[in-house]
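Everything on this sheet refers to the single structure shown next.
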Amino acid sequence: MIKAILIFNNHGKPRLIRFYQYFHQAAQDTSYCKAEDMQQQIIRETFHLVSKRDDNVCNFLEGGSLIGGSDYKLIYRHYATLYFVFCVDSSESELGILDLIQVFVETLDKCFENVCELDLIFHMDKVHYILQEVVMGGMVLETNMNEIVAQVEVQNRMEKSEGGLSAAPARAVSAVKNMNLPEIPRNINIGDINIKVPSLSPF
Amino acid sequence: MSDVVEKTLTALPSLLSLDSHPGSAKLSSTSKLGNLIRGITELTSKHEEEKLIQHELLAIKEQVSSPNTTMMKELMVRSIYCEMLGYEASFSYIHAIKLAQQGTVLEKRVGYLAVSLFLNESHELLLLLVNTVLKDLQSTNLIEVCMALTVVSQMFPKDMIPAILPLVEEKLNHPKEIIRRKAVLALYKFYLIAPNQVQHIHNKFRKALCDKDPGVMTASLHIYLQMIQENPEAYKDLTPSFVTILKQVVGGKLPMDFNYHTVPAPWLQIQLLRILSLLGKNDQSTSEVMYEVLDESLQRAEMNHNITYAILYECVKCIYTIHPKSDLLEKAAKCIGNFVLSPKINLKYLGLKALTYVVQQDPKLALQHQMTIIECLDHPDLIIKRETLELLFRITNGQNVTVIVEKMLEFLCISEDDHTTIDLVGKVAELAEKYPLKYNEWFIETMNTVFSLGGDMMQPDIPNSFLKLLSEGFDSVEEDRKLRLFAVNSYIPLLRGEPGKLPQRFLQVISWVLGEYSHLREDLEPAEVLSLLAKLLDMKNSSSETKSWVLMAMTKLCKGGADASVTQEVSETYSSSLDTVLRQRAHELQYLSQDPELRARVLPRGSCGNFAFVSEALAAGAAPYKPPHQRQEELDQSKALSLEPYGLSLPISMSSCSITDRQSPTLLSMSSGLSGDTLKLDGIKRVWGREGYLAQREPVEEAAQVEVPSPIQSPGRQGEGDSLHSQTPTQTPTPEPEQEKQQLASSLFVGLASQSSVSLMGKSEPMPQRFRRKAKGQGLGSSFIANEQISSSLISPPSAVDNLLCNNLLDSNNASELAEQTSQLSQSLTTANGTCHAEAELTESDTKGCNPALRRDNCVVAAGPGPHNDPGRLTEVCLDSYLPAELSGLSHSEIAPLCANQSLNLSACHVQKEDSLILVVFIMNSSESAIQQIPAGEVTSYSVAVGQYSLTVKRPAVHVEVVGTVSYQLPAGTSQSLQFSYKVPLTSFIRPFVVSTEEYGTMWLSFSHDTKQNLTLINDNQEPLTATLNALKKKLQLHVVEVIGMEGIVACRLLQDLPCLMHCRVNAGWLAVWLRSPVPDLPDCLIYHCQRALQSL
């Protein structure tokens, strides 16, 4: 399971934080500490660990003391100014996650057309939505880039079409029905006729 | 593609630092978020940032609560941003929930996102969300359903699951695959946090597994991986399905868009391989189902992309986890080689991980890659270095422990990471404690380094167990004294030096040891020790805990007289201390130092470690002590896996009844089993837990150690043989650094597998060299007649030979391992050496390599004028009389004829002694003429020579087969040889193992190999359990440790010291038996014999 996904830049400034597990202060530590602070500590520690490493060393790190013990691993990739760090437990494959990061970044690149750090800052919410299509509740949901992009595009279309009118739900439905274009080759029986007329609203 | 990303990202810093124009094209200039971010990037100090954010938060707070805000979305994003930077925006939580509840679809989306980022699953506000989720799950808008499912899988209050469960279940039948997929993952989440609540929908999981959309099937594998991890037995029936799925995936049957870099659904393959390895673990029949597909995956995976390596890695791990198959193992080993030798650092890392994983089963693999391992030891990447140490830790034995510990300490000096330090310090301490007796001084010195490096971060049980080791001592009083004295000697200079630099824990250890044992050093005045200790008290940075340790030590030391002034001063200072503990100690010191009589009564010398009351309490049924970190671990485990305290017990039938019994091994192992049965590498660590590893490893090591010198070596050359271990001579001259590395290699990998270590060393092959020497001797022939001792190795004992293949031919059913005892001279041994595999070193090391041979020589003389002239009618009774005198009193198996030719008759039997199994071989000359048994021994006509060998088993099998050859020379001068084989059931090697219930408990936890089975109960009287256990005890020589109610615990050992523990419980007319041992296969073999024993009743 993926426990947390952290993106920060070369200076340790967080750009996206997503925790899939609630980290709280270990029981033996008597000083009460808020979860949020714990998360900040984890980010700091992770940055400290990751930033020390050259680019020619391996992409795996074991055991920050905060995020918890020998069962946990940090798997990271460094793209120019950004570090993408996935904190996972032992049930995830190291190389698999490494490629998942690549998939995620390539998807970002597709969605933002040449993604850069600024995109991540100013469209933090969108990055979260994209991430939600890749990883759900700590589990890998989708690894197919086209599928992820399709899902996100459906939502974007909804954004454009939603003029604050009450028609929104209906339009969304049509959008969703259209969103599954890449699904066609998957299902052998194509039951949904609407798929063939993507831009037409039935309403 | 990644290049493009890289390029665009590279351009960024300039954009950010310039802040303004080129970058601002991307942002809307009016956006408040834009302003905020731009403001933050302009700031220089943390303090300014804080001020700005607080200001921002105030602004948001104001706007958010105004009744008709139109820009709720943006406000939310802004508060998310502030929260991300670590500033609390708790006022916005409720607004996020409101937004999710009431907004339009887009606002809902932001609302849900904010909620899932702000709140955790135990947050009380989350209850307000339940209704919203409920409503959205029923919505006709697919996006809303998706959002609801996403938030549910992120966090949902456990108690409210029943409210939405039916709706989520319903979604499993939704026409859209994306919804089905998300529903499956949401259910998985429910399973994780409350397994009981989703128990009834297990068959729906199966339906998801069979979903026509591969995506849904993939999602369902998450659930199965988890459930199989918890209880592999329950899902064995799914193995063929998983195999079929994997076969289809590997065969490219999935649609093209599942491909990733031309590899079909790699993540799916990884998941499936993990599941398979869980299913096939310790299960031969299940494993057999998957051999084919594993082979196919190995072949299909072409090394062209990162992700194929990911699949290969899982494949290799799977192959080494399931029941072994030799040709797959071979391929997997090759694969590991590819990883380890890869120039890509990530692959090297994984290669080392894989090696660490397999090295227990196959130590020769580490030998193959020893040079690479040495290189990795000097790798600039600390992670690689640490992984290498981890690997070395696993192959530590009595011979290489000093080198490995030295390497670990070197690493400790440069490591900065606390976590690594703690971990490694623990390992060094474990190793040092495992082999303390061998090198007293080394032990103390190592522990000193551990204490000073580990500082105050290390696990508290390290100093504790060190002190325990010192105080309890070992078998020899003299050794104990030396050890303690050495400790005292090493501490005094430390205290005279700069004690201020030592960590507190170390100071505590020092003061305890000085208090207890400084009297051992006669030239040391107690007064001096007291003043040294008093110095510690004056140091600024001594913690009050340390001070109380010091005061305790002083109390033990003070005798009045000259040192009275020091103690007086100290006790006066601290009797008014604010710290009550210190005050207490100071008063104790004061009174006891003034009253020597009382002191002698309260603190008798050498009383430490005598906790009679503890064992009394244990006997009375108190729970045994667990160190705090273990308690914490158990707590964590239960927390991580299940939040329901009793939830786990229900699906696991084996352990359901013993939940309440804290001492029962079932419960203990349940907590360990949860992680122990998993795939993760850490699972293995349990094998190497404190005592368990010891028991498994050391006997093997010892056996291996004697193996080399004793058989082929005459006593005169023993010295040389020993030296081979310590410094394997390099024969071919090699360049300097290379040589250094090789030396390091030989010292690191010594004793791993005594024979293979040698043959794999490549350039330095002491073993063949010795054979050569021997061969020469043979050529000289008669000159050896004078040298009785060399000649006496008529049947020169054993060289283990890999016989996996023969083994399959001979006994394919129960995979009995075959041990070949080549009782042959030089040539055959040399060849044997070439094919030797460490894993197959089954039997046996004759610890008395030379003695039996000598004895036989005597026998030859004695038996020479034997009365039996007719060899054909030589009966067992007659051979009986040839049994060596010291064995004749013991019961022996039937003397079985082995083989014969025109001149020799071989028979054999085995005798069970208390601590060994002796194989007695009778060699009878049935010819007219005397036979020269190469090169000197002579068996005159119609007489009998007897040889005896003690056997041990290294790798258990149901039957152990000993194969040997007798070479002899006829007077005519022709040499001949005769081969024989002899089968011994494993039960002959089993001896009772006397342990206490407590010891049993700790051992049970540390053993990793286990097997479970139901056996028939003997039902002929009132007490079926006792009756059955007694029957087993009689038949198999087991030791019944204790019978408690319907449960019984039994222990036995395989010669010499390989323990096997058995836990029996009466369950519905059956005896549920659970065996555990540090030795692979031992539980399986033993359960077979138990079955047989009960059937034959």
Side-chain angles (χ1 to χ4, degrees), chain A residues 14 17 22 27-28 35-36 40 56-65 70-71 79-82 90-91 93-96 98-99 102 105-106 109 114-118 121-122 124-125 128 132 136-137 139-141 143-144 146 155 158-159 162 168-169 172-173 176 180 182-183 185-187, chain B residues 1-2 4-6 8-13 15 23 26-27 34 37 77 80-81 84-86 88 104-106 110 113 120-121 140-143 150 153-154 177 182 185 188-189 213 222 255 257-258 260 267 270 306-307 309-310 313-314 345-346 349-350 381 383-384 418-419 423 632 680 682:
Chain A
I17 304 169
Y22 173 50
Q28 64 254 38
E36 277 71 25
Q40 290 298 317
N56 56 354
V57 296
C58 69
N59 297 59
F60 314 117
L61 262 174
E62 263 166 73
S65 48
S70 51
D71 193 29
Y79 295 94
T81 61
L82 290 178
S90 60
S91 70
S93 147
E94 290 92 343
L95 288 177
L98 210 54
D99 270 70
Q102 181 69 24
V105 173
E106 285 183 28
D109 197 56
N114 285 352
V115 68
C116 69
E117 191 179 342
L118 285 182
I121 303 170
F122 288 103
M124 193 178 53
D125 48 339
H128 269 293
Q132 273 178 2
M136 177 172 154
M139 275 80 66
V140 179
L141 175 70
T143 51
N144 180 357
N146 295 330
Q155 299 183 358
M158 179 180 76
E159 192 162 9
E162 190 184 55
V173 169
V176 171
N180 287 323
E183 220 182 293
R186 288 189 170 195
N187 287 332
Chain B
M1 169 57 100
S2 65
V4 180
V5 182
E6 201 112 342
T8 42
L9 289 178
T10 328
L12 199 77
L15 296 183
K26 282 217 159 195
L27 13 146
I37 292 164
V77 176
I80 292 176
Y81 189 80
M84 180 175 76
L85 292 179
E88 197 186 315
T104 61
V105 180
L106 279 182
V110 180
L113 177 66
N120 62 64
E121 53 213 355
T140 51
N141 186 336
L142 296 188
I143 300 245
T150 306
S153 71
Q154 171 73 26
E177 62 94 9
K182 290 192 171 177
L185 284 185
Y188 171 57
K189 192 71 182 192
D213 186 275
H222 285 290
D257 43 293
F258 280 93
Y260 175 77
W267 286 277
I270 291 170
N306 206 1
I307 201 76
Y309 282 101
Y313 178 68
E314 293 305 326
I345 192 98
N346 284 340
Y349 169 85
L350 287 180
D381 188 352
I383 298 290
I384 297 275
D418 290 355
H419 178 77
D423 184 55
Q632 185 58 37
K680 36 181 146 152
D682 315 86

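Residue numbers start from 1 in every chain, and the chains themselves are labelled A, B, ... in the order their sequence lines are given, proteins ahead of strands.
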- Message: Between B/Ile384, B/Val110, B/Asn346, B/Ile345, who has the most heavy-atom pairs with chain A when the cutoff is under 4.5 Å?
- Response: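 Heavy-atom pairs under 4.5 Å are most numerous for B/Asn346.
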Out of curiosity, [X] [atom1] to [Y] [atom2], how far, rounded to the nearest 0.5 Å?
{"X": "B/His222", "Y": "A/Met136", "atom1": "NE2", "atom2": "CE", "answer": "10.0 Å"}
{"X": "A/Met139", "Y": "B/Lys189", "atom1": "CE", "atom2": "NZ", "answer": "6.0 Å"}
{"X": "A/Glu94", "Y": "B/Glu314", "atom1": "CD", "atom2": "CD", "answer": "7.5 Å"}
{"X": "B/Asn306", "Y": "A/Gln102", "atom1": "CG", "atom2": "CD", "answer": "9.0 Å"}
{"X": "B/Tyr349", "Y": "A/Asn59", "atom1": "OH", "atom2": "CG", "answer": "11.0 Å"}

- Message: Looking at every heavy atom in both A/Cys58 and B/Ile383, which two are closest together, and how far apart are they?
- Response: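 Here A/Cys58 and B/Ile383 meet closest at SG-CG2, 3.9 Å.
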- Item | Closest approach of B/Ala310 to A/Ser93 (non-hydrogen atoms, all atoms of both residues) |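 Answer, listing the atom of B/Ala310 first, then A/Ser93: CB-OG, 4.0 Å.
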- State which residues pass ring pair (Phe, Tyr, Trp, His ring centres under 6.0 Å) with B/Tyr260; sequence neighbours excluded, sorted by chain then number.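 Expected list: B/Trp267, B/His305.
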- Query: Heavy-atom distance under 4.5 Å to chain A: side chain of B/Ile307, backbone, both or neither?
  - Reply: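 Its backbone and side chain both get close to chain A.
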- Item | Segment of B/Tyr188 engaging chain A (4.5 angstrom heavy-atom cut-off) |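 For B/Tyr188, the side chain is the part near chain A, not the backbone.
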- Message: Taking side chain to side chain contact (heavy atoms under 4.5 Å, CB included) as the definition, give me every residue that meets it alongside A/Gln132, ordered by chain and number, with sequence neighbours left out.
- Response: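 For A/Gln132, the residues satisfying side chain to side chain contact (heavy atoms under 4.5 Å, CB included) (neighbours in sequence not counted) are A/Arg18, A/Tyr129, B/Leu113, B/Thr150.
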- Message: Please classify the contact between A/Met124 and chain B as side chain, backbone, both or neither, with a heavy-atom cut-off of under 4.5 Å.
- Response: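 Only the side chain of A/Met124 comes within 4.5 Å of chain B.
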- Looking at A/Val140, A/Asp99, A/Asp125, which one has more heavy-atom pairs under 4.5 Å with chain B than the rest?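 Of the candidates given, the most pairs with chain B belong to A/Asp99.
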- Item | Short side-chain to backbone donor-acceptor contact, B/Asp381 and A/Val57, under 3.5 Å |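 Checked: no pair found.
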